[in-house]
Amino acid sequence: MLKLLRPAVTRILTPLGRALAGHGIGPDAVTAIGTLGTVVSALLFFPMGLLAAGALVITVFVLFDLLDGVVARLGGKGGTTWGAFLDSTLDRVADAAIFAGLILYFVSRGDTLMAGVTLACLVSGALVSYAKARAEGLGLTCDVGLAERPERLVVALVAAFLSGLGVPYVLPVGMWLLAAASTVTVVQRVVHVYRQTRKR
């Protein structure tokens, strides 16, 4: 579903991308701005308990992950190897900041159990991304899995937003589901790569 929405969101972001490209702002700068905004917002809003506001602001900066591609295309340069590396690396930084902010939120409320569950989300999410990167570095494919990065971000941000609006239990439930889904995804990717190696 999220992959189907990507072209529509890209069309919406095109005017902004054209304006940025026209002012000489490149895709790498857009990527860096998006990451910096996400990190600052997550580590500022979430620990303070401003979950709804934090989720909204972070969502805006997360959209820069699509905007950098739009800027690259409209700037006539297309994607570069460096740009792809920078984007993937900073994605990990942004993800870590979001879950670190939620961990600090739970810690500040004395909820060590949910802090641990959210830490599991952070670690398993990193393993999901690493498994794919390592497999592709070995010349294998690894696009399988229940919870890829877009799904993980949607669950975390929607749960945080609804919790900030006062919806009870939604954030703990979201973190438990995300921890489970991410762990399943890691297993799926390990099995998928193992099967490929057995065929060689």
Side-chain angles (χ1 to χ4, degrees), residues 1-10 13 27-28 30-31 34-35 38-39 42 55 58-59 61-70 72-73 78-103 113-160 170-200:
M1 181 183 69
L2 295 176
K3 290 180 180 178
L4 292 176
L5 291 175
R6 189 181 184 97
V9 175
T10 299
L13 293 175
D28 294 346
V30 173
T31 300
T35 301
T38 298
V39 170
I58 290 169
T59 298
F61 285 111
V62 167
L63 290 177
F64 276 62
D65 195 37
L66 295 178
L67 185 59
D68 57 4
V70 175
R73 176 171 52 85
T80 65
T81 301
W82 163 248
F85 171 81
L86 181 67
D87 184 57
S88 296
T89 302
L90 294 185
D91 280 350
R92 307 289 83 75
V93 175
D95 293 355
I98 290 171
F99 288 103
L102 291 173
I103 290 170
L113 174 60
M114 286 313 307
V117 172
T118 307
L119 177 61
C121 292
L122 192 162
V123 173
S124 57
L127 287 173
V128 168
S129 299
Y130 175 79
K132 180 177 181 179
R134 183 60 177 148
E136 291 179 345
L138 296 171
L140 305 171
T141 62
C142 195
D143 292 325
V144 301
L146 181 64
E148 297 190 79
R149 183 175 187 257
E151 287 79 11
R152 295 197 305 274
L153 288 179
V154 167
V155 171
L157 294 177
V158 169
V170 66
L171 185 56
V173 169
M175 292 300 99
W176 275 106
L177 289 176
L178 192 54
S182 298
T183 301
V184 169
T185 302
V186 172
V187 174
Q188 287 177 309
R189 291 192 167 181
V190 169
V191 171
H192 182 70
V193 170
Y194 174 75
R195 288 174 176 170
Q196 291 179 78
T197 60
R198 295 296 292 175
K199 293 177 181 178
R200 292 190 170 187

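These numbers were taken from a predicted model, which means no experiment stands behind them.
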Does the pair E148 and V128 meet the rule for a side chain to side chain contact (heavy atoms under 4.5 Å, CB included), with working shown? CA-CA 7 Å; E148 297 190 79; V128 168; 5.6 Å; no

Evaluate side chain to side chain contact (heavy atoms under 4.5 Å, CB included) for Q188 paired with T185, printing each intermediate quantity in order. CA-CA 5 Å; Q188 287 177 309; T185 302; 4.0 Å; yes

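The backbone N or O of F99 sits nowhere less than 3.5 Å from a side-chain atom of T118 that would complete a donor-acceptor pair. R152 contributes a side-chain N or O that, together with a main-chain N or O of A147, makes up a donor-acceptor pair within less than 3.5 Å.
When all heavy atoms of T38 and V62 are compared, the closest pair comes out as OG1-N, 4.1 Å. Annotation for A55 and L157: closest pair CB-O, 3.5 Å, computed over non-hydrogen atoms. Looking at every heavy atom in both residues, A115 comes nearest to I103 through O-CG1, 3.9 Å. For the residue pair V193 and C142, the shortest heavy atom distance occurs at CG2-SG, 4.0 Å.
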Hey, can you pull the donor-acceptor pairs under 3.5 Å for the side chains in residues 132-139, sequence neighbours left out?
{"unit_1": "K132", "atom_1": "NZ", "unit_2": "D143", "atom_2": "OD1", "d": "3.2"}

Distance-only donor-acceptor hits, side chain of residues 119-126, under 3.5 Å, sequence neighbours excluded:
{"unit_1": "S124", "atom_1": "OG", "unit_2": "A120", "atom_2": "O", "d": "2.7"}
{"unit_1": "S124", "atom_1": "OG", "unit_2": "C121", "atom_2": "O", "d": "3.3"}

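By the ring pair (Phe, Tyr, Trp, His ring centres under 6.0 Å) test, Y194 is found to be paired with no residue, residues two or more places apart in sequence or in another chain being considered. Under the rule for a side chain to side chain contact (heavy atoms under 4.5 Å, CB included), the partners of A97 that lie at least two apart in sequence or sit in another chain are V39, A42. Under the side-chain hydrogen bond (donor to acceptor under 3.5 Å, both in side chains) criterion, T31 pairs with D68, sequence neighbours left out. Residues forming a side chain to side chain contact (heavy atoms under 4.5 Å, CB included) with D28 (at least two apart in sequence, or on another chain): W82, L86.
If you run side-chain hydrogen bond (donor to acceptor under 3.5 Å, both in side chains) between H192 and each of R195, R189, Q196, only Q196 comes through.
The shortest distance between side-chain heavy atoms of L153 and D95 falls below 4.5 Å.
The line from CE of M175 to CG of L102 is 5.5 Å long, rounded to the nearest 0.5 Å. To the nearest 0.5 Å, the span separating CH2 on W176 from CE on M114 amounts to 7.0 Å. For the atom pair OG (S129) and CG (D91), the distance works out to 8.0 Å, reported to the nearest 0.5 Å.
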